[in-house]
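One structure is given below, encoded as structure tokens.
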Amino acid sequence: MKRVFYFILISLVPFFAVAQHSFPDSVFAVLQKATTDSMRYLANMEIGYYYSENDRDTSVFYYNKAFLIARNNKNKLAEASALSMLGYQLSMKGQYSRSLQYLLDAFSRIKEDDGNKSKWMFSPGFKSTQEAYHDVALSRNQGIYSALMRNTENKEQELLYLKQSIVTAKRVNYLWRVAVSDLNLTGAYLKLNKPDSALIFGTEGLKYIRQTDEKKYESALLIELGNIYFKKGQIDQARQYYYDAMQSAQHNNASSHTCWANFALCNYYLKEKNTDSSLYYANKTMALYFYSATPSHIFTLGDVYENLFKSYQLKNEFDSAFKYQGLTRLSNDSIYKDRIRKLADFQNLGFAEQMRLRDIEKEKLSYQSKIRIYALLAGIGIFMLIAFLLYRNMRNRKKANIHLQKQRDEIIHQKATVEETLNNLKSTQAQLIQSEKMASLGELTAGIAHEIQNPLNFVNNFSEVSKELLDEMKMELDAGKFEDAKEIANDVIQNLEKINHHGKRADAIVKGMLQHSRSSSATKEPTDINALTDEYIRLCYHGLRAKDKSFNATIKTDFDESLQKINIFPQDIGRVVLNLLTNAFYAVDEKKKACQAELVEAGLKYEPIVSIQTKKLHDKVEIKVSDNGSGIPQIIVDKIFQPFFTTKPTGQGTGLGLSLSYDIITKGHGGELKVETSEAEGTTFIIQLPVTHA
């Protein structure tokens with residue numbers, strides 16, 4: 001019988017996603033007929049989730065009932081899930097301190113999970129197995145905790161826990177949770193005025209949520225994407241996203257998102273100065289706001305009044321505009337005071353938690369102090385015993401003095417050994433740095449040799465041909481064939497012109513290299529970044545081809561032609577670009593070698609691609625070097641700029657290339673060197689240099 005009711009509830013989930021109006025009655029019927037606590041728990045959680053974006057008080061009521069059932073059954077993960085959902089609702093209601101308590105309790109219960117397979121789990125958008133329940137609960141609580149951090153203006157903690165939530169969710173393929181965290185990251189980066197980063201997460205979130213059966217937050221993603229395009233000035237595209245969001249919100253029972261979509265459309269028509277439409281959507285927002293459970297981090301009642309004020313002002317109905325202007329001020333004052341009070345409560349709770357942790361730390365230190373005192377007393381007792389024995393026996397004392405002298409000598413010897421080791425280490429470090437420089441020089445030399453070899457080959461070939469033509473011309477002259485001799489002379493002249501042309505080409509290459517070799521001086525030079533970058537691409541590629549004929553890769557360039565010359569040390573920047581390009585070519589070549597057999601077997605083909613882009617950013621110049629290699633594991637990303645850290649096999653890298661590059665960019669030029677990477681997809685290194693013109 002228990003199994004029958006469980007399958008009834010599970011089988012109703014797809015039906016609830018389509019037939020929204022019959023959903024509560026259907027679940028209430030299951031709840032009334034449920035004969036087990038597990039069924040009652042799941043039904044209460046389902047009802048709470050149904051009301052989550054419509055009626056937060058009702059949602060809290062049913063989540064509380066679910067929590068009590070889980071607690072009576074001592075089911076830790078079920079308790080944690082209910083506490084997470086309660087924490088979310090309380091955070092959206094502005095009860096930050098209670099929300100924090102619930103979420104911290106949820107973390108504790110997840111940690112206390114004993115691995116017992118008799119578990120319950122309510123996980124929207126995911127048909128999880130019991131083995132995945134722990135990570136499902138953890139990723140959800142991490143995501144909800146990040147929302148609390150957002151609402152309490154803890155931006156760093158918000159981003160940290162959102163990214164942790166995504167990592168945990170992806171571990172068990174919990175795509176719905178990944179999508180919701182992507183939604184929140186989209187909003188976070190939009191507030192940080194990073195619309196391009198926001199667009200990446202918004203697009204990914206929309207893709208993931210459409211792969212699940214639960215699409216309640218699809219509308220929120222569509223609105224955020226609309227906001228991105230609105231911010232980027234693509235307002236027609238933004239409007240279409242807002243209309244799509246409204247349709248999705250109405251279909252998926254998310255009244256707060258319907259209200260939000262109307263608010264966004266009002267802003268759109270205000271920008272377009274469309275008086276009738278802006279007033280229409282401002283009134284719709286007002287009508288929906290009071291029962292839609294719209295959270296204050298999106299917009300407040302004061303924002304609603306302000307849109308009405310702007311709409312009436314645009315319509316030249318100044319009496320109504322004046323009325324809503326006053327309501328805007330009153331509402332904002334009230335909201336501001338209420339928010340200050342709630343944030344103060346939250347901070348007080350955080351302070352109390354810190355005090356509790358400090359007391360625990362004090363107790364720990366006190367215990368450690370007692371241990372030290374006992375150890376000290378024991379040591380004193382032993383010392384007294386030794387002193388007494390030494391007093392009784394002078395011979396033993398003499399032996400002890402001799403022993404101490406030996407120890408002193410040993411310490412002096414060890415000190416000398418350590419100093420010698422330190423000197424050897426410094427010498428080795430200097431050798432490694434020189435080795436790294438010589439490696440760069442070798443790569444440059446190979447590239448230069450290849451560049452010069454082509455014109456030299458032309459010079460040699462045309463010289464040999466000219467010699468043969470002159471011998472032939474002598475024969476024709478001896479035979480009296482002057483017309484044929486003239487034609488041969490014309491051919492010789494053409495060959496000499498080509499020799500001259502390719503000689504000048506080789507001369508230009510040499511002069512260019514000498515120009516770059518002059519930057520060892522302490523003076524910066526006006527440099528064309530595009531030309532320098534293009535030159536080092538060719539040198540690096542030809543250098544690698546000279547060492548390994550089988551090496552090949554596609555090079556894509558995207559140079560900003562509007563860039564002007566800037567003052568830099570050209571050789572140093574060239575060394576950085578060369579190092580990054582060498583690493584990129586190495587990464588794609590290694591990936592090609594590693595997966596060649598698998599790709600051939602699957603009938604696929606991997607194309608190694610290295611891209612380089614230059615771009616003007618306000619008062620900076622940006623250079624991006626990207627590859628589609630295997631990427632850098634997240635666990636070592638923070639270490640790659642450390643001296644001597646390398647992922648290459650022994651003997652293939654010193655671990656100084658990126659460290660020296662970082663010093664050249666940051667210390668030598670006052671710029672930034674950053675990395676963006678995704679495992680199995682590739683890596684991008686970003687150089688940003690301050691613009692100082694000649």
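Annotation for L222 and A245: closest pair CB-CB, 3.6 Å, computed over non-hydrogen atoms. In plain terms, the two heavy atoms of A78 and A70 that are nearest each other are CB-CB, 3.6 Å. Shortest non-hydrogen contact noted between I209 and E218 is CD1-N, 3.7 Å. Of all heavy-atom pairs between Q211 and L175, the closest is OE1-CD1, 3.3 Å. For the residue pair A169 and S139, the shortest heavy atom distance occurs at N-CB, 3.7 Å. The shortest non-hydrogen separation linking A261 to I223 is N-CD1, 3.7 Å.
Residues Y189 and F201 place their aromatic rings such that the two centres sit under 6.0 Å apart. In this structure, Y49 has its ring center no closer than 6.0 Å to that of Y62.
Distance check, rounded to the nearest 0.5 Å: CG of N75 to OH of Y133 gives 10.0 Å. Note that OG1 of T614 is 9.5 Å distant from CD of E622, once rounded to the nearest 0.5 Å. Distance check: C266 SG to K271 NZ gives 14.0 Å after rounding to the nearest 0.5 Å. A distance of 6.0 Å separates CG of L689 from CD1 of I529, quoted to the nearest 0.5 Å. Atoms CE and CG, on M246 and D244 in that order, are 10.5 Å from each other to the nearest 0.5 Å. To the nearest 0.5 Å, atoms OH (Y280) and CG (N274) are separated by 13.0 Å.
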>> Q101 vs R98, test: side-chain hydrogen bond (donor to acceptor under 3.5 Å, both in side chains). Steps then yes/no.
In response: CA-CA 5 Å; Q101 289 175 326; R98 286 184 63 198; 5.8 Å; no
D135 and T168: CA distance, side-chain angles, deciding distance, side-chain hydrogen bond (donor to acceptor under 3.5 Å, both in side chains) verdict
CA-CA 6 Å; D135 283 345; T168 308; 5.9 Å; no
Assess whether side-chain contact (heavy atoms from CB on, under 4.5 Å) is satisfied between Y51 and R56, documenting all intermediate values.
CA-CA 6 Å; Y51 286 107; R56 300 197 187 279; over 6 Å; no
(Q) Evaluate Y269 against Y281 for ring pair (Phe, Tyr, Trp, His ring centres under 6.0 Å), listing each step before the verdict. (A) CA-CA 9 Å; Y269 283 114; Y281 284 106; 5.7 Å; yes
List the steps and the verdict of side-chain contact (heavy atoms from CB on, under 4.5 Å) for T557 and S611. CA-CA 6 Å; T557 60; S611 305; over 6 Å; no
- Message: Go through it in stages, so that I can follow the logic: the residues are D303 and T300, the test is side-chain hydrogen bond (donor to acceptor under 3.5 Å, both in side chains), and I'd like the CA-CA distance, side-chain angles, deciding distance and then a yes or no.
- Response: CA-CA 5 Å; D303 298 321; T300 66; 3.3 Å; yes
**OP:** Apply side-chain contact (heavy atoms from CB on, under 4.5 Å) to the pair Y96 and L100, showing each step before the final yes or no.
**Re:** CA-CA 6 Å; Y96 304 135; L100 177 62; over 6 Å; no
Show your reasoning for whether side-chain hydrogen bond (donor to acceptor under 3.5 Å, both in side chains) applies to T677 and T683.
CA-CA 4 Å; T677 184; T683 302; 3.0 Å; yes
Worked check of side-chain contact (heavy atoms from CB on, under 4.5 Å) between V178 and T212 | CA-CA 11 Å; V178 176; T212 70; over 6 Å; no
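At least one side-chain heavy atom of L617 sits less than 4.5 Å from a side-chain heavy atom of Q688. Between F107 and Q142 the shortest side-chain heavy-atom distance falls below 4.5 Å. Side-chain contact between Y63 and N44: absent, with no pair of heavy atoms (C-beta onward) separated by less than 4.5 Å. Looking at V136 and R177, their side chains never come closer than 4.5 Å, going by heavy atoms from C-beta outward. Two residues are said to be in side-chain contact when any heavy atoms from C-beta on lie closer than 4.5 Å; T275 and L279 fail this criterion. Annotation: side chain of F67 is not in contact with side chain of K65 (no heavy-atom distance under 4.5 Å). Contact check for D57 versus V60: no side-chain heavy atoms found under the 4.5 Å cut-off. Side-chain contact check for I686 versus L673: every heavy-atom pair is 4.5 Å or farther apart.
Counting non-hydrogen atoms of neighbouring residues, nucleotides and ligands closer than 6.0 angstrom, the NZ atom of K207 exceeds 12 such neighbours. Other residues, nucleotides and ligands place no more than 12 heavy atoms under 6.0 Å from the CG atom of D319. Surrounding CD of E204 are more than 12 heavy atoms belonging to other residues, nucleotides or ligands, all under 6.0 Å away. For E317, the CD atom sits in a packed shell: over 12 heavy atoms of surrounding residues, nucleotides or ligands are nearer than 6.0 Å. Heavy atoms of other residues, nucleotides or ligands lying less than 6.0 angstrom from NZ of K215 number more than 12. Shown here is K284, whose NZ atom has more than 12 heavy atoms of other residues, nucleotides or ligands within 6.0 Å.
Between the side chain of S99 and the backbone N or O of G87, at least one donor-acceptor pair lies under 3.5 Å. A donor-acceptor contact shorter than 3.5 Å links the side chain of N154 to the backbone of T152. Judged by distance alone, the side chain of E214 and the main-chain N or O of K216 form a donor-acceptor pair under 3.5 Å. Under the 3.5 Å distance criterion, the side-chain polar atoms of S52 are left unmatched by any main-chain donor or acceptor of G48.
Put simply, the residue from S84, S165, S146 that forms a side-chain hydrogen bond (donor to acceptor under 3.5 Å, both in side chains) with N141 is S84. For the side-chain hydrogen bond (donor to acceptor under 3.5 Å, both in side chains) with N307, the lone residue among N283, T285, N262, N267 that qualifies is N267.
Between the side chains of T684 and S626, at least one donor-acceptor pair of N or O atoms lies under 3.5 Å.
Ion pairing between K616 and D560 fails under the 4.0 Å rule for side-chain N and carboxylate O. Salt-bridge check for E79 with R71: failed, with every basic side-chain N at 4.0 Å or more from each acidic carboxylate O. A salt bridge does not link E272 with R239: every distance from a Lys NZ or Arg NE/NH1/NH2 to an Asp or Glu carboxylate oxygen is 4.0 Å or more. Salt-bridge annotation for K155 and E158: present, with a side-chain N of the basic residue lying under 4.0 Å from a carboxylate O of the acidic one.
Sorted by first and then second residue, the salt bridge (Lys or Arg N to Asp or Glu O under 4.0 Å) pairs involving residues 247-261 (not counting sequence neighbours) form an empty list.
Residues satisfying the salt bridge (charged side-chain N to carboxylate O under 4.0 Å, His left out) criterion with D276, sequence neighbours excluded, are K315.
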Pairs under 3.5 angstrom only: tabulate donor-acceptor contacts from the side chains of residues 229-238 to other protein residues two or more places apart or in another chain.
unit_1, atom_1, unit_2, atom_2, d
K232, NZ, D196, OD1, 3.0

